[in-house]
Amino acid sequence: MDEAYVEAVLSAVERIPAGQVASYGDLAEYVGVGGPRLVGRVMSTQGAGVPWWRVVRADGRPARGLEATALARLRAEGAVLVGDRVDMRRCRWRPSLS
């Protein structure tokens, strides 16, 4: 995997404010290369040092296997949750507004 791409994705994740989230697809669009699966691969292999819990699936659900930890961290940051998912309408990161 291209090191510049990895750095671009991780840098984007670091920009997501507390209490907000981005989907894998949102990040791919923001970076301008690749798609949601490639972003997911970066996050699963390189994402431990960034606020990974702020990256969710398009439906607002956290990554499989990490749900409890991610939801607890998001809740602590003030993200609006509806059951086991983030309310994407209220919490989606919009870089142009940051």
Side-chain angles (χ1 to χ4, degrees):
M1 193 175 329
D2 181 71
E3 189 174 319
Y5 182 74
V6 170
E7 284 302 314
V9 170
L10 297 179
S11 177
V13 173
E14 288 176 333
R15 294 193 64 215
I16 304 169
Q20 294 184 20
V21 297
S23 72
Y24 296 96
D26 292 340
L27 289 172
E29 185 176 323
Y30 178 77
V31 171
V33 180
R37 288 180 187 231
L38 189 55
V39 170
R41 185 168 172 215
V42 170
M43 293 305 297
S44 70
T45 61
Q46 308 286 325
V50 296
W52 55 266
W53 57 92
R54 295 180 189 153
V55 182
V56 298
R57 293 183 287 185
D59 67 357
R61 289 192 173 135
R64 288 186 180 102
L66 301 170
E67 297 95 344
T69 302
L71 291 171
R73 289 183 179 202
L74 288 164
R75 192 175 295 111
E77 291 182 352
V80 179
L81 304 178
V82 178
D84 63 349
R85 61 180 80 190
V86 177
D87 184 333
M88 294 298 283
R89 280 190 269 163
R90 295 174 67 185
C91 296
R92 180 175 252 140
W93 176 52
R94 292 176 178 84
S96 60
L97 301 178
S98 297

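Source: prediction; values computed, not measured. Numbering starts at 1 and runs along the sequence shown.
Listed by first and then second residue, the ring-ring contact (aromatic ring centres under 6.0 Å, His included) pairs that reach into residues 26-51 are Tyr30-Trp93, sequence neighbours excluded.
Distance CZ/Arg73 to CG/Leu66: 9.5 Å, rounded to 0.5 Å.
With sequence neighbours excluded, no residue satisfies side chain to side chain contact (heavy atoms under 4.5 Å, CB included) with Glu29. Considering only residues two or more places apart in sequence or on other chains, Glu14 meets the salt bridge (charged side-chain N to carboxylate O under 4.0 Å, His left out) condition with none of them. Residues satisfying the salt bridge (charged side-chain N to carboxylate O under 4.0 Å, His left out) criterion with Asp84, sequence neighbours excluded, are Arg61. Residues satisfying the side chain to side chain contact (heavy atoms under 4.5 Å, CB included) test with Arg92, not counting sequence neighbours, are Ser23, Asp26, Met88, Arg94.
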Residue pair Tyr24, Arg57: steps toward the side chain to side chain contact (heavy atoms under 4.5 Å, CB included) verdict: CA-CA 6 Å; Tyr24 296 96; Arg57 293 183 287 185; 4.0 Å; yes
Go through the steps for Met43 and Val50 under the test side chain to side chain contact (heavy atoms under 4.5 Å, CB included), then give the verdict. CA-CA 9 Å; Met43 293 305 297; Val50 296; 4.0 Å; yes
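Nearest heavy atoms, Trp52 versus Ala70: CZ3-CB, 3.8 Å. Across all their heavy atoms, Ala28 and Gly34 have their closest contact at CB-O, 3.8 Å. Nearest approach of Ile16 to Ala22, heavy atoms of both residues: CD1-CB, 3.7 Å.
The closest donor-acceptor contact from the side chain of Glu77 to the backbone of Arg75 lies at 3.5 Å or more, if one exists at all.
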Show every donor-acceptor pair shorter than 3.5 Å between a side-chain atom in residues 1-13 and any protein atom, with sequence neighbours excluded, or say none if there are none.
residue: Asp2; atom: OD2; partner: Ala4; partner atom: N; Å: 3.2
residue: Asp2; atom: OD2; partner: Tyr5; partner atom: N; Å: 3.0
residue: Tyr5; atom: OH; partner: Val33; partner atom: O; Å: 3.2

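The hydrophobic clustering, which links ILVMFWY residues whose side-chain heavy atoms are closer than 4.5 Å, places Leu81 and Trp53 together. Taking hydrophobic clusters as Ile, Leu, Val, Met, Phe, Trp and Tyr residues chained together by side-chain heavy-atom distances below 4.5 Å, Leu71 does not share a cluster with Val82.
Within 6.0 Å of the CZ atom in Arg85, the count of heavy atoms belonging to other residues, nucleotides or ligands exceeds 12.
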